[in-house]
Structures are given as C-alpha cells and as structure tokens.
Participant: 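Please see the structure below; I have some questions.
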Amino acid sequence: MKGLFKPKPRTPVELVLQTRDLLIFLDQNTETRERKREEKMSELSKQILEMRIVLFGNGQAEPNPDACAHLAREFFKHDTFRLLVVCLPKLDLGARQNATHVLANLQRQRVGGRLIASEYLENNLDLMDVLLPGYEDGDIALTYGAISRECIRHQIVAMYVLGSEYMKKFFTYIQIPNFDIASDAQSTFKELLTRHRSTVAEFLSANYDWFFQGYNSQLLQSPSYITRRHAVKLLGDMLLDRSNSAVMVRYVSSLENMRILMNLFWDSNKTIQLDTFHVFKLFVANQKKPPEIISVLVTNRSKLLRFLGDFSIDKEDEQFEADKAEVIKEIAALEISGERSFTDADECEFES
C-alpha cells in the first residue's frame with residue numbers, strides 16, 4: 001500500500017522554508033548525534049537538488065516561470081541566500097555544486113519585471129566580505145569565486161568591490177601558487193574591470209596612481225608568464241575601451257609604462273608578444289607624445305623596426321598587418337624637436 005501513495009511535491013515556498021530551517025540547523029551545528037546530523041545533511045542535499053530542478057528543469061520539461069519566480073521571491077525574502085552562502089563550506093561536493101548553480105540562477109530571476117537579486121544585494125553588500133576572502137581558503141575558493149562573479153554582474157556590487165581594499169588584494173590572489181585558484185581570481189578581476197564600463201572608468205580615473213603602479217610592478221612584471229599573459233591582455237582590453245579614453249591617454253603618455261611594454265616584446269610567449277603589440281601601438285599612435293617618449297622611440301628605432309619587421313603571427317590577419325605597417329611608418333618618421341641630445345637613459349633594456 002505504501003508504494004501507491006507518492007508524497008505531494010513541495011511548493012517553491014515550502015521548499016525554501018524547509019531548506020532555510022535545515023541551513024539554520026547546519027549553521028548552528030548544535031546536533032551531537034551523528035546519525036541525526038547525517039539525516040539532516042542528506043535531506044538538505046535533496047532539497048538543494050530539488051531547487052535546482054525547479055530553476056533549470058529536469059531534462060524532460062522546461063522550468064516553470066511562475067515556480068521560479070515564487071522560489072526566488074521567498075529565497076531573498078527570508079535571507080536564505082546569505083544562509084546558503086555561509087553554509088557552503090559545510091556541504092559535500094555534490095550539494096555545493098548544486099547550490100552554486102542555484103545561487104547563480106537566482107541572481108538572474110526577474111519577479112514582476114524586477115531583478116530582485118540586485119535589490120537584495122544592495123542591502124547586503126557585506127556578503128562580498130564573506131565571498132572574496134574565500135580566495136585565501138583553497139577548499140572554498142573556486143565555489144566562492146564563481147558566486148562572486150555572478151554578484152558582480154550587478155553594478156551596485158561591482159561599485160562596492162571596486163571601492164574596497166579587495167582591489168589591492170586581487171594583485172595577490174592572482175599570483176596564488178595554485179593554478180586553478182589564480183585563474184579563477186583573474187576571471188573575477190577581469191569581470192570587475194570590464195563589465196560596468198562607466199563605473200570602471202570612474203574607478204580607474206580616481207585610483208590611477210596606486211592601481212597602475214601595482215598593475216605594472218606586480219602583474220606585468222610578474223615572474224609568472226601566466227600572470228603576465230593575462231595582465232597584458234586585460235590591459236589592452238581596458239585601454240582600448242572607449243569609456244576609458246582619458247585613462248588610456250594618461251597611461252600611454254608615461255615613459256615608464258612604455259619601457260615595461262617594450263621589454264615585454266621579448267617575452268618567450270608569442271601570445272604575450274602579440275597582446276603587448278596591441279598596447280604598444282597606442283603609445284606610437286598618440287599624437288601628443290611627450291618628448292621623452294619620442295626620444296626613446298628614436299633612440300631604439302633601429303631595434304624596434306628590425307623587431308617589428310620580423311614580427312609575425314601564425315595565421316593571416318589583415319588588421320594586424322595594417323596596424324604593424326602603421327606603427328613601423330610612424331616610428332620611422334619620428335624626429336626629435338629642439339636640441340635635446342640622446343642620453344644613456346634613453347636606451348631601454350630593449351634587446352635586438
């Protein structure tokens with residue numbers, strides 16, 4: 001007889017409230033009986049999976065928009081989002097993965113046309129103070145990193161992080177010896193500096209000195225070629241974004257910045273060389289080059305022209321060839337105005 005009666009499916013509201021109760025139990029950790037605790041953990045894992053099915057469907061049927069909206073409303077209404085984030089380190093791997101998918105999906109759910117996750121996070125920005133330090137904990141770093149990137153999709157969250165001390169800590173996170181964690185931190189760093197253009201432009205303008213000093217010394221000149229590769233690619237993405245035009249002009253007017261880029265031409269990694277070229281061409285194209293930059297370009301002209309003449313990439317690229325030809329033409333035509341003479345300081349470490 002027992003097999004004839006299937007339990008009635010829980011409504012999204014019931015599902016969230018029961019999940020919340022189990023998360024409170026897990027967070028308080030007051031149960032001393034191991035068997036009872038395991039039962040609770042098993043039930044929690046099942047409910048997290050059930051929420052994932054509501055939000056993503058079961059492979060045979062698409063998710064129901066009304067059910068998704070109800071689940072999202074209850075989830076944020078009762079602060080279950082925070083509870084689940086805090087309890088993630090205590091979940092087993094499978095439940096943690098399902099919870100990460102749930103948290104990501106909920107941030108994109110619209111209820112009554114409103115992105116309620118954004119409203120919730122605006123009032124709970126301190127959650128980033130839980131998520132971002134996760135990069136210092138190898139066990140939870142990738143999980144918290146993935147959730148952090150979803151949170152940063154909301155401009156209010158990105159503004160909070162950009163204005164925090166975590167921006168300086170990212171220089172360290174990106175160079176963590178663990179490759180997977182460092183790559184994840186780099187992905188989050190890139191998301192912060194490319195998604196919300198107007199916000200990023202304001203940040204870079206207001207924090208130009210310390211940010212690019214750290215960027216140059218810790219990332220572009222890092223002993224790790226992976227760090228250098230990501231850094232020069234992201235630098236190009238930032239400087240070539242029209243929103244950052246004022247920052248770009250300031251950056252390419254610095255002789256020290258140009259020296260760093262010129263020396264990156266001699267990196268053994270071909271990808272780094274190509275991405276370096278895309279930044280270096282901005283220094284050359286600058287129609288208001290400071291005299292010291294012109295002097296260094298002229299002093300190193302023969303080396304630069306020889307390098308650029310031999311510089312090629314594996315596949316045909318008309319735009320690259322056109323850019324290279326323009327850079328060569330511009331360097332060849334440079335002249336030093338006035339009576340300024342060359343000095344030893346003009347000679348870069350640039351090799352022939």
Side-chain angles (χ1 to χ4, degrees), residues 152 158-159 161-162 167-168 170-171 174 186-222 225-267 269-290 292-294 296-297 300 304 307-308 311 313 317 319-331 334 348 350:
I152 290 165
M159 290 174 65
V161 178
L162 286 168
M167 290 308 295
K168 293 181 180 179
F170 267 108
F171 293 142
I174 288 169
Q186 172 62 40
S187 296
T188 305
F189 191 58
K190 179 180 180 181
E191 185 77 3
L192 275 165
L193 292 167
T194 56
R195 175 166 287 276
H196 305 285
R197 294 180 175 181
S198 61
T199 300
V200 171
E202 291 177 9
F203 164 77
L204 292 176
S205 295
N207 299 275
Y208 180 92
D209 291 331
W210 74 258
F211 178 80
F212 282 109
Q213 191 282 325
Y215 199 99
N216 288 349
S217 63
Q218 297 185 56
L219 303 186
L220 289 178
Q221 298 182 90
S222 168
Y225 91 90
I226 295 175
T227 300
R228 296 195 303 275
R229 187 185 72 191
H230 286 309
V232 73
K233 176 64 169 66
L234 178 57
L235 177 64
D237 291 342
M238 288 190 291
L239 297 183
L240 288 166
D241 191 308
R242 292 183 179 180
S243 299
N244 298 327
S245 58
V247 171
M248 183 270 286
V249 170
R250 186 174 178 183
Y251 190 88
V252 302
S253 296
S254 162
L255 175 58
E256 182 56 32
N257 292 345
M258 190 178 74
R259 288 181 187 274
I260 293 170
L261 268 296
M262 286 172 68
N263 289 326
L264 278 172
F265 268 139
W266 294 97
D267 199 287
N269 184 278
K270 195 74 171 181
T271 302
I272 290 178
Q273 290 184 336
L274 179 59
D275 288 331
T276 296
F277 171 77
H278 288 308
V279 179
F280 176 73
K281 69 185 182 185
L282 299 175
F283 288 87
V284 178
N286 182 9
Q287 295 303 303
K288 295 184 179 180
K289 288 185 279 291
E292 61 268 25
I293 282 184
I294 295 175
V296 167
L297 289 174
N300 293 273
L304 282 165
F307 170 80
L308 292 169
F311 187 40
I313 56 179
D317 187 327
Q319 186 60 56
F320 166 73
E321 294 297 337
D323 288 347
K324 188 176 78 165
E326 188 61 33
V327 169
I328 290 173
K329 177 182 176 182
E330 185 73 26
I331 293 175
L334 283 175
C348 285
F350 191 77

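Any value given below was found using the heavy atoms of this structure, including those in side chains, with hydrogens, waters and symmetry copies removed.
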Participant: Would you give the length of the straight line joining atom CG of Leu297 to atom CD of Glu292, rounded to the nearest 0.5 angstrom?
Facilitator: 11.0 Å
Participant: So which atom in Lys324 and which in Phe311 form the shortest heavy-atom distance, rounded to 0.1 Å?
Facilitator: NZ-O, 2.7 Å
Participant: How long is the gap from CE on Met248 to CG on Leu204, to the nearest 0.5 Å?
Facilitator: 13.0 Å
Participant: May I ask you to decide if Ala285's main-chain N or O and Gln287's side chain share a donor-acceptor pair within less than 3.5 Å?
Facilitator: yes
Participant: Distance-only, no hydrogens or angles: does the His278 side chain make a donor-acceptor pair with backbone N or O of Asp237 under 3.5 Å?
Facilitator: no
Participant: Just grab all the salt bridge (charged side-chain N to carboxylate O under 4.0 Å, His left out) pairs involving residues 269-288, residues at least two apart or on different chains.
Facilitator: Lys281-Asp323
Participant: Where is the tightest heavy-atom contact between Arg228 and Ser222, given as atom of each residue plus distance?
Facilitator: NH1-O, 2.8 Å
Participant: For a 4.5 angstrom cut-off between non-hydrogen side-chain atoms, does Leu220 reach Val232?
Facilitator: yes
Participant: Go through the steps for Leu192 and Met167 under the test side-chain contact (heavy atoms from CB on, under 4.5 Å), then give the verdict.
Facilitator: CA-CA 9 Å; Leu192 275 165; Met167 290 308 295; 3.8 Å; yes
Participant: First locate atom CG of Leu193, then atom CG of Leu162, and finally report the distance between them rounded to the nearest 0.5 Å.
Facilitator: 6.5 Å
Participant: Can you name the ring pair (Phe, Tyr, Trp, His ring centres under 6.0 Å) partners of Phe203, sequence neighbours left out?
Facilitator: Phe211
Participant: Atom CE of residue position Met159 - does it have more than 12 heavy atoms of other residues, nucleotides or ligands inside 6.0 Å?
Facilitator: no
Participant: Can you find a heavy atom in the side chain of Gln218 that is under 4.5 Å from one in the side chain of Ile174?
Facilitator: no
Participant: CD1/Ile294 to CD1/Ile331 distance, rounded to the nearest 0.5 angstrom?
Facilitator: 12.0 Å
Participant: Could you check if a side-chain atom of Met258 sits within less than 4.5 angstrom of a side-chain atom of Lys289, using non-hydrogen atoms only?
Facilitator: no
Participant: Of Leu261, Asn257, Leu219, which meets side chain to side chain contact (heavy atoms under 4.5 Å, CB included) against Leu235?
Facilitator: Leu261
Participant: I'd like to know whether Val284 forms a side-chain contact (heavy atoms from CB on, under 4.5 Å) with Glu326, so could you lay out the CA-CA distance, the side-chain angles of the two residues, the decisive distance to 0.1 Å, and finally the verdict.
Facilitator: CA-CA 9 Å; Val284 178; Glu326 188 61 33; over 6 Å; no
Participant: Can you see which heavy atom on Asn207 is nearest to which on Trp210, and at what distance?
Facilitator: OD1-NE1, 3.0 Å
Participant: What distance do Thr194 atom OG1 and Met238 atom CE have between them, rounded to the nearest 0.5 Å?
Facilitator: 9.0 Å
Participant: Could you go through Leu240 and Leu282, starting from their C-alpha distance and side-chain angles, then the distance that decides it, and tell me whether this counts as side-chain contact (heavy atoms from CB on, under 4.5 Å)?
Facilitator: CA-CA 9 Å; Leu240 288 166; Leu282 299 175; 3.7 Å; yes
Participant: Test your reading of the model: is there a side-chain donor-acceptor pair from Asn244 to the backbone of Val247, 3.5 Å cut-off?
Facilitator: no
Participant: side-chain contact (heavy atoms from CB on, under 4.5 Å) for Ser253 and Asn286? Distances and angles first, verdict last.
Facilitator: CA-CA 8 Å; Ser253 296; Asn286 182 9; 3.5 Å; yes
Participant: What pairs with Phe212 under ring pair (Phe, Tyr, Trp, His ring centres under 6.0 Å), at least two apart in sequence or on another chain?
Facilitator: Tyr208, Tyr251
Participant: Between atom NE2 of His230 and atom NZ of Lys190, what is the distance when rounded to the nearest 0.5 Å?
Facilitator: 9.0 Å
Participant: Is there a side-chain contact between Phe283 and Val296 in this structure, where contact means two heavy atoms from C-beta onward sitting under 4.5 Å apart?
Facilitator: no
Participant: Show the nearest heavy-atom pair for residues Arg250 and Ser205, with the distance to one decimal.
Facilitator: NH1-O, 4.3 Å
